[in-house]
Number of protein chains: 2
Amino acid sequence: MSDDRGRRPRMADIAREANVNRITVSRALSRPELVAKDTLKRIEAAIARSGYIPNQAARGMKTERSRIVSLAAPAQMSGVYGAISELLTEALHRDGLIINHFPLTDSIAQREAAMREMAGWCPAVIVIMSSVLTGPMREMLRVARTPFVELLSYDPDSLGSCVGFNNQQAARMLTEHLVSRGYQRITYAHSANPLNALNVTRLEGFTDAIDAAPGVEGRELRVAPSYADGARLIETLLADDKLPDALLCASDMVAVGALEACRRLGIDVPGRLAICAVDGTELTDVAHPSITSLDFPLERVAEVGAEEIRRLAAHPDSNLRRVEVEASVRPGETT
Amino acid sequence: MSDDRGRRPRMADIAREANVNRITVSRALSRPELVAKDTLKRIEAAIARSGYIPNQAARGMKTERSRIVSLAAPAQMSGVYGAISELLTEALHRDGLIINHFPLTDSIAQREAAMREMAGWCPAVIVIMSSVLTGPMREMLRVARTPFVELLSYDPDSLGSCVGFNNQQAARMLTEHLVSRGYQRITYAHSANPLNALNVTRLEGFTDAIDAAPGVEGRELRVAPSYADGARLIETLLADDKLPDALLCASDMVAVGALEACRRLGIDVPGRLAICAVDGTELTDVAHPSITSLDFPLERVAEVGAEEIRRLAAHPDSNLRRVEVEASVRPGETT
DNA sequence: CTGAAAGCGCTTACAG
DNA sequence: CTGAAAGCGCTTACAG
């Protein structure tokens, strides 16, 4: 029945079978109301018979407009990036937009290469979570003329649209919360990745709060975002006799891992050590004891973000939009 | 400096600036060793000056070979799908493969439409996690002539390559574990999604084990894969006075949510209720008490899967490979 | 309502 | 070492 001679059917094959010109097949697909009823029927039958699937690359080449949305984000899926990426992928899929996923590495050269890749596919929109933009990256975005959306961090000077919260302020509030509860030696555990935009602004917020609190000693520590590294962190601090009063974790996974290690090692939380997480995913709520963290509407970031992406995909030349969502401290049982 | 007249630079623009033919520019990009040194230098200078980025769609159209890998998976990123997808995305990105992400919905029609979309982009490989394949989907895969990889479930009759474990056996082993510990009324809480392949085979395994255990009463219950629904499940069962002896959870998130609800409601685990999870992500280990679950090498599935995808992308006509990874019960403190 | 012509941006042989 | 010709699979005006 179907053409089995080694290649997938093309529009020309359908046209031949249905006894029409390729143009008519194209029209039957894109504007069927302009095609005579029985012509349409013949074409549809031929399509069904052959299993024809239009080549999206060829289509996009002509229309100069793709339905691809390129999403660059840190690879970790168990935390806030996974949560947003899940909501975003679902929402955009409903609008017929295809998500191209680019993991962000720790190398500037690789991030720039990834940006080049992204731009090379002529996506409708480029979305970035939590990456610092280098000069070449900005230049590529400019030359590619692709609408650009930053998620998670609110930045009034963003190169494109953005939907997020003020991360500097958020880290400051959480630190102030710890100070107000009387903790004097506070350690901020974070990835220390200078390419992670959230990281950079959050560190500033932490430092601000420490500087403003006389007598409070602040430290920072590098830790990879995983349960295991959170647990290991506590073990190391304990072994070195360097356990602080309070631990502020940039990653929810680190907070959960640290909490579990404390339970195992008999460290009283929050009596001996307070634990506080910045991302505030569902995980911190489900933990026991529940972890003090940031209260910000993840769902709203994804929702408004999806809306903005959809809008820019439809109207690439429309104005940018910058949306700041509110964040506050959600006190849990660990502080 | 750069061309600012409303469109991104094309190869022809570079050719003009460098005083060569477009072909030479193309060659400079793909096989620079065939181009004279100073010609190359002129071309590279023009590319740098203009910020030229080759159009991947146009390139792929000619080469008939794209570097896209289409990945269809349930949207939930906090569980096993997120973990695999993270590892896979990173590994494939290192090989220069681009991941197109398609969330699986609960509607057959939508899944088939998604499959059509996927095939339309002429990906190098199509990867599916945990979806039943309908007749039309199989037909599309056949016509598209795209190599196909199934992950997570080992199926000797898979249409393509597969890397996974025997889910029927796994669910049976976990249920037998519960039976051997003396639990008599066992409830299997799962998404009840008939389109989820893992779900279907796991349910069979559960039923097998119950049928083989005289005097043991098995039930099944529908629950969405989230922390909140896991917690709600316990609340409902308690309110209806239908709490079983043991709960087998298809989703790790449900297990963690249920565990937390038990703690909150004063239900003794494992004394009054045993909890057991099937996916066995890191989450079950980090929970407290640690949750009995499946021990299977997630990383190996991702690693071998990535290898197989890479191989099929390079040699689309090579033989299929079916790899079964072993799984066993990892006893925790909840049974 | 349908089709002949031209072209999207690139690459693949082939000729020189 | 470089280029003129043809074509990948589709669509966009335009003409009839």
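The model shown is predicted, which means the values in this text are computed figures rather than measured ones.
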**Asked** How would you list, by chain and number, every residue that makes a side-chain contact (heavy atoms from CB on, under 4.5 Å) with B:Q110, sequence neighbours excluded?
**Response**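 With neighbours one apart ignored, the set is B:T105, B:S107.
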**Positions of residues 52-61 of chain B (non-hydrogen atom under 4.0 Å from DNA chain D), listed by number** = B:M61
Please tabulate, for side-chain N and O atoms in residues 26-35 of chain B, each donor-acceptor pair with protein atoms closer than 3.5 Å (sequence neighbours left out).
{"residue": "B:S30", "atom": "OG", "partner": "B:S26", "partner atom": "O", "Å": "3.1"}

**Request:** Check salt bridge (Lys or Arg N to Asp or Glu O under 4.0 Å) between B:R111 and all other residues, then give those that pass, not counting sequence neighbours.
**Result:** none
**Message:** If the condition is salt bridge (Lys or Arg N to Asp or Glu O under 4.0 Å), which residues does B:D106 pass it with, not counting sequence neighbours?
**Reply:**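 Result, salt bridge (Lys or Arg N to Asp or Glu O under 4.0 Å) vs B:D106: none returned.
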**Request:** Report the stems of DNA chain D as range-with-range entries sorted by first number; a stem here is at least three consecutive pairs, Watson-Crick or G-U wobble, both distances under 3.5 Å, and write none if there are none.
**Result:** C:1-3 with D:14-16, C:5-12 with D:5-12, C:14-16 with D:1-3
For residues 52-61 of chain A, tabulate all N or O donor-acceptor pairs below 3.5 Å that involve a side-chain atom, not counting sequence neighbours.
{"residue": "A:N55", "atom": "OD1", "partner": "A:A57", "partner atom": "N", "Å": "2.8"}
{"residue": "A:N55", "atom": "OD1", "partner": "A:A58", "partner atom": "N", "Å": "3.1"}
{"residue": "A:Q56", "atom": "OE1", "partner": "A:R67", "partner atom": "NH1", "Å": "3.4"}

**Request:** Give a yes or no on whether the backbone of A:S318 and the side-chain of A:R311 come within a donor-acceptor separation of less than 3.5 Å.
**Result:**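 No; judged by distance alone, with no hydrogens or angles, the pair does not exist.
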**Prompt:** Quick one, which residues of residues 29-42 of chain A touch DNA chain C with a heavy atom under 4.0 Å?
**Reply:**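 A:L34, A:V35, A:A36, A:T39, in order of number.
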**Request:** Apply side chain to side chain contact (heavy atoms under 4.5 Å, CB included) to the pair A:L92 and A:I309, showing each step before the final yes or no.
**Result:** CA-CA 8 Å; A:L92 296 178; A:I309 291 163; 3.9 Å; yes
**Where chain A begins and ends its contact with DNA chain D, read 5' to 3' at 4.0 Å from heavy atoms** =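 Taking any atom under 4.0 Å from a heavy atom of chain A, the span is D:dG9 to D:dT12.
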**Salt bridge A:E139-A:R142, side-chain N to carboxylate O under 4.0 Å** =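 Salt bridge present between A:E139 and A:R142.
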**Asked** Can we say B:K41 and B:D38 salt-bridge, meaning some charged N sits less than 4.0 Å from an Asp/Glu carboxylate O?
**Response**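 Answer for the salt bridge query: no.
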For residues 155-164 of chain B, tabulate all N or O donor-acceptor pairs below 3.5 Å that involve a side-chain atom, not counting sequence neighbours.
{"residue": "B:D155", "atom": "OD1", "partner": "B:D157", "partner atom": "N", "Å": "2.8"}
{"residue": "B:S158", "atom": "OG", "partner": "B:E150", "partner atom": "OE1", "Å": "2.8"}
{"residue": "B:S158", "atom": "OG", "partner": "B:G160", "partner atom": "N", "Å": "3.1"}
{"residue": "B:S158", "atom": "OG", "partner": "B:G160", "partner atom": "O", "Å": "3.2"}
{"residue": "B:S161", "atom": "OG", "partner": "B:E308", "partner atom": "OE2", "Å": "2.6"}
{"residue": "B:S161", "atom": "OG", "partner": "B:R321", "partner atom": "N", "Å": "3.0"}
{"residue": "B:S161", "atom": "OG", "partner": "B:R321", "partner atom": "O", "Å": "3.4"}

**Pairwise ring-ring contact (aromatic ring centres under 6.0 Å, His included) hits with a residue in residues 107-163 of chain B, at least two apart** =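 For residues 107-163 of chain B: none.
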**Asked** Can you pull the salt bridge (charged side-chain N to carboxylate O under 4.0 Å, His left out) pairs that have at least one residue in residues 79-103 of chain A, sequence neighbours excluded?
**Response**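 Found A:D95-A:R310.
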